[in-house]
S.K.: 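Can you keep this structure in mind? I'll have questions shortly.
This chain uses plain numbering: 1 for the first residue, then up along the sequence.
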Amino acid sequence: MSIYSFLIAVRSEGQQLTSDSGETTSHLMGMFYRTLRMVDNGIKPLYVFDGAPPKLKSGELAKRGARKAEAHEAHEEAKETGTAEDIEKFSRRTVRVTREHNAECKKLLKLMGIPYIDAPTEAEAQCAVLARAGKVYAAASEDMDTLCFEAPILLRHLTFSEQRKEPIQEIHLSKALEGLNMDRNQFIDLCILLGCDYLEPIPKVGPSTALNLIREHGNLENVLEHMKNDPKKKFVVPESWPYQDARDLFLTPDVRDANDEECDFKWEAPDVDGLIAFLVTDKGFNEDRVRNGAARLTKNLKSAQQSRLEGFFKPMARTDEEKASLKRKHESKLQDQKKRKKDEVKAKKEAKAKPRAAG
């Protein structure tokens, strides 16, 4: 393709913004303006929407729902006693994407002339298929599992707002495997061992430990055998930990073939009148801005000039300060995970200790 094109796995992000009538519009605002920013810089995006999640993912989805409920309570408390930063932080965690939100985003993309497809299950898996087929340059997602589905190139932070000032990461799977000195199967086992969307991690197994275990024992079967035979019983594998099923979901996901007619996509001229009716009349957007955006789409999607990725983001090495900050964030995240697990264990013990009512 003459212009770089990207697959974007659609996820929720950001603050809930509403129209004058109280209707949520943040999903449309983010979709419209961030897509414009990409197109302005010579990028032709293709959006991929999630389908039905695999059954194995239900446990993780339930945990996410519980965390959102906790965040909602914290958000309400922060509005009474917290700082503006606390309020915004917990507000972001309560965002929930509905079918109506997705339907409206698809309607907006169609009016903008931007193609999208629905994945049978995981959007990242479908992204990887089309990227491997050369139909797009890369897959853009915040989910590192995208690499497990064998996407040759993963872009992270591509759709972040400019205010967040996060550098865009371009990760090449081949270079990652070379640097880790692993094949793809070992990489998948490493990611499963660390905890993926399908399985919880094994307690006390962090990144360094997981890497050493896979390098020493070769695969998950051998790692688990080692844990089982360890006289010190340092690691305790959860009772229900179907790692083989998780591995199969990465190796043979439910996806459309790149040659499927559903994957025959194209970029078209925007429907200006339709955009005005939908965004301005129905959703209360500023008409001048919408017309300006439509003009930019018309101009840039027709352009056949090759654009450089540096026009959208500047390649830059991380400073020592940035590296230290990332390390602190990672350590803080690990501490939060440990605390959450301790709280869960404590809650279970307290529940067991409560006397049962007589039947």
S.K.: Distance from His101 atom NE2 to Leu28 atom CG, nearest 0.5 Å?
M.R.: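 Reported value, rounded in 0.5 Å steps: 8.0 Å.
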
S.K.: Looking at residues at least two apart in the chain, or sitting in another chain, which of them share a ring pair (Phe, Tyr, Trp, His ring centres under 6.0 Å) with His226?
M.R.: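 His217.
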
S.K.: Please tell me if the side chains of Met31 and Tyr47 come closer than 4.5 Å, counting only heavy atoms from C-beta onward.
M.R.: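 Yes, at least one pair of side-chain atoms sits under 4.5 Å.
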
S.K.: What do the steps show when you test Phe250 against Ile192 for side chain to side chain contact (heavy atoms under 4.5 Å, CB included), and what is the final call?
M.R.: CA-CA 10 Å; Phe250 286 129; Ile192 293 173; 4.0 Å; yes

S.K.: Between Leu154 and Ser141, which heavy-atom pair has the shortest distance, and what is it?
M.R.: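 For Leu154 versus Ser141, the nearest heavy atoms are CD1-O, 3.7 Å.
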
S.K.: Who are the side chain to side chain donor-acceptor pair (under 3.5 Å) partners of Asn181, not counting sequence neighbours?
M.R.: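 Here no residue qualifies.
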
S.K.: Taking the hydrophobic residues Ile, Leu, Val, Met, Phe, Trp and Tyr, and joining any pair whose side-chain heavy atoms are under 4.5 Å apart, which ones share a cluster with Val129?
M.R.: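 Under the 4.5 Å side-chain rule, Val129 groups with Val255.
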
S.K.: Of all heavy-atom pairs between Ala128 and Phe149, which one has the smallest distance, and what is that distance?
M.R.: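 For Ala128 and Phe149, the tightest heavy-atom pair comes out as CB-O, 3.3 Å.
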
S.K.: Keeping the roles fixed (side chain from Arg156, backbone from Gln169), state whether a donor-acceptor pair exists under 3.5 Å.
M.R.: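 No.
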
S.K.: Can you name the residues that form a salt bridge (Lys or Arg N to Asp or Glu O under 4.0 Å) with Arg296, not counting sequence neighbours?
M.R.: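 Expected list: Asp40.
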
S.K.: Is the distance from the ring center of Tyr243 to that of Tyr198 below 6.0 Å?
M.R.: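 Ring centroids of Tyr243 and Tyr198 are no less than 6.0 Å from each other.
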
S.K.: Does Arg184 have any side chain to side chain donor-acceptor pair (under 3.5 Å) partners at least two apart in sequence or in another chain, and if so, which?
M.R.: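 Applying side chain to side chain donor-acceptor pair (under 3.5 Å) to Arg184 gives Glu150.
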
S.K.: Just jot down the side chain to side chain contact (heavy atoms under 4.5 Å, CB included) partners of Ala133, sequence neighbours excluded, or say none.
M.R.: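 With neighbours one apart ignored, the set is Lys135, Ala258.
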
S.K.: Could you walk me through whether Asn300 and Lys44 pass the side chain to side chain contact (heavy atoms under 4.5 Å, CB included) check?
M.R.: CA-CA 9 Å; Asn300 294 321; Lys44 297 170 71 173; over 6 Å; no

S.K.: What pair of heavy atoms forms the shortest contact from Leu46 to Leu130, and how long is it?
M.R.: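 That would be CD2-CD1, 4.0 Å.
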
S.K.: List the atom of Ala119, the atom of Val48, and the distance in Å for their closest heavy-atom pair.
M.R.: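 The pair with the smallest heavy-atom distance is CB-CG1, 4.0 Å.
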
S.K.: Please round to the nearest 0.5 Å and tell me the distance separating atom NZ of Lys107 and atom CG of Leu275.
M.R.: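 One finds 10.5 Å between NZ of Lys107 and CG of Leu275.
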
S.K.: Looking only at non-hydrogen atoms, find the nearest pair between Val272 and Ala294 and report the distance.
M.R.: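 Here Val272 and Ala294 meet closest at CG2-CB, 3.9 Å.
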
S.K.: Distance from His172 atom NE2 to Glu170 atom CD, nearest 0.5 Å?
M.R.: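 His172 NE2 to Glu170 CD: 3.5 Å, rounded to 0.5 Å.
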
S.K.: Would you find a donor on one side and an acceptor on the other, under 3.5 Å apart, between the side chain of Thr281 and the backbone of Phe278?
M.R.: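 Absent.
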
S.K.: Please examine the side chains of Ile202 and Pro238, heavy atoms only from C-beta on, and report whether any two atoms are closer than 4.5 Å.
M.R.: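 Pro238 vs Ile202: side chains touch.
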
S.K.: For the residue pair Thr25 and Lys283, what are the closest heavy atoms and their distance?
M.R.: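 Scanning both residues, the minimum pair turns out to be CG2-O, 4.1 Å.
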
S.K.: Under the side chain to side chain contact (heavy atoms under 4.5 Å, CB included) criterion, do Met227 and Val205 qualify, and how do the steps go?
M.R.: CA-CA 11 Å; Met227 290 180 174; Val205 176; 4.0 Å; yes

S.K.: Measure the shortest side-chain to side-chain distance between Ile114 and Pro45 over non-hydrogen atoms and say whether it is less than 4.5 angstrom.
M.R.: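 They are in contact (side-chain heavy atoms under 4.5 Å apart), so the answer is yes.
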
S.K.: Counting C-beta onward and ignoring hydrogens, is there a side-chain heavy-atom pair between Pro120 and Arg256 closer than 4.5 Å?
M.R.: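 In short, these two side chains touch, coming nearer than 4.5 Å.
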
S.K.: Nearest 0.5 Å please: distance from the CG atom of Asn41 over to the CG atom of Leu36.
M.R.: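 So the CG of Asn41 and the CG of Leu36 are separated by 11.0 Å.
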
S.K.: Are side-chain heavy atoms of Tyr33 and Arg289 found at a separation under 4.5 Å?
M.R.: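 Counting from C-beta outward, Tyr33 and Arg289 do come under 4.5 Å.
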
S.K.: Assign the ring pair Phe265 / Trp267 to parallel, tilted or perpendicular, where the plane angle (0 to 90°) is split at 30° and 60°.
M.R.: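 The rings of Phe265 and Trp267 stand perpendicular, inter-plane angle above 60°.
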
S.K.: Okay, side chain of Asp271, backbone of Gly274: is any donor-acceptor separation there less than 3.5 Å?
M.R.: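 Pair found, side chain donor or acceptor close to backbone of Gly274.
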
S.K.: Counting C-beta onward and ignoring hydrogens, is there a side-chain heavy-atom pair between Asn212 and Thr209 closer than 4.5 Å?
M.R.: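 No; the side chains remain at least 4.5 Å from each other.
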
S.K.: Quick one, Trp241 and Leu220 - any side-chain contact, counting heavy atoms below 4.5 Å?
M.R.: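 Sidechains of Leu220 and Trp241: in contact.
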
S.K.: Tell me, do Pro270 and Thr298 make a side-chain contact under 4.5 Å, heavy atoms counted?
M.R.: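 They are in contact (side-chain heavy atoms under 4.5 Å apart), so the answer is yes.
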
S.K.: Using the test salt bridge (Lys or Arg N to Asp or Glu O under 4.0 Å), find all partners of Glu268 that sit at least two apart in sequence or belong to another chain.
M.R.: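 Here the qualifying residues are Lys266.
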
S.K.: With sequence neighbours excluded, give me every salt bridge (charged side-chain N to carboxylate O under 4.0 Å, His left out) pair touching residues 216-240.
M.R.: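 Every pair satisfying salt bridge (charged side-chain N to carboxylate O under 4.0 Å, His left out) with a residue in residues 216-240: Glu221-Arg247.
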
S.K.: Which value, rounded to the nearest 0.5 Å, describes the distance between Glu124 atom CD and Thr146 atom OG1?
M.R.: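 Between atom CD of Glu124 and atom OG1 of Thr146 there are 4.5 Å.
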
S.K.: Who are the side chain to side chain contact (heavy atoms under 4.5 Å, CB included) partners of Pro242, not counting sequence neighbours?
M.R.: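 For Pro242, the residues satisfying side chain to side chain contact (heavy atoms under 4.5 Å, CB included) (neighbours in sequence not counted) are Leu56, Leu199, Ser240, Asp245.
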
S.K.: Name all residues meeting the ring pair (Phe, Tyr, Trp, His ring centres under 6.0 Å) criterion together with Phe187; count only those two or more places apart in sequence or in a different chain, and write none if there are none.
M.R.: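 Phe187 satisfies ring pair (Phe, Tyr, Trp, His ring centres under 6.0 Å) with no other residue.
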
S.K.: Suppose we screen for side chain to side chain contact (heavy atoms under 4.5 Å, CB included). Which residues come up paired with Lys106, at least two apart in sequence or across chains?
M.R.: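 Side chain to side chain contact (heavy atoms under 4.5 Å, CB included) check on Lys106 returns Phe49, Tyr116, Asp118.
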
S.K.: Under the rule for ring pair (Phe, Tyr, Trp, His ring centres under 6.0 Å), what residues qualify as partners of Phe32, not counting sequence neighbours?
M.R.: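 Here no residue qualifies.
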
S.K.: What verdict does the side chain to side chain contact (heavy atoms under 4.5 Å, CB included) test give for Ile171 and Ile153, after you've listed the backbone C-alpha separation in whole Å, the side-chain angles of each residue and the deciding distance to 0.1 Å?
M.R.: CA-CA 6 Å; Ile171 304 170; Ile153 301 174; over 6 Å; no

S.K.: So how far is it from Ile117 CD1 to Cys127 SG, rounded to the nearest 0.5 Å?
M.R.: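 One finds 7.5 Å between CD1 of Ile117 and SG of Cys127.
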
S.K.: For Gly218, does its backbone N or O pair with a side-chain atom of Gln186 as donor and acceptor, under 3.5 Å?
M.R.: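 Looks like yes, one N/O pair under 3.5 Å.
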
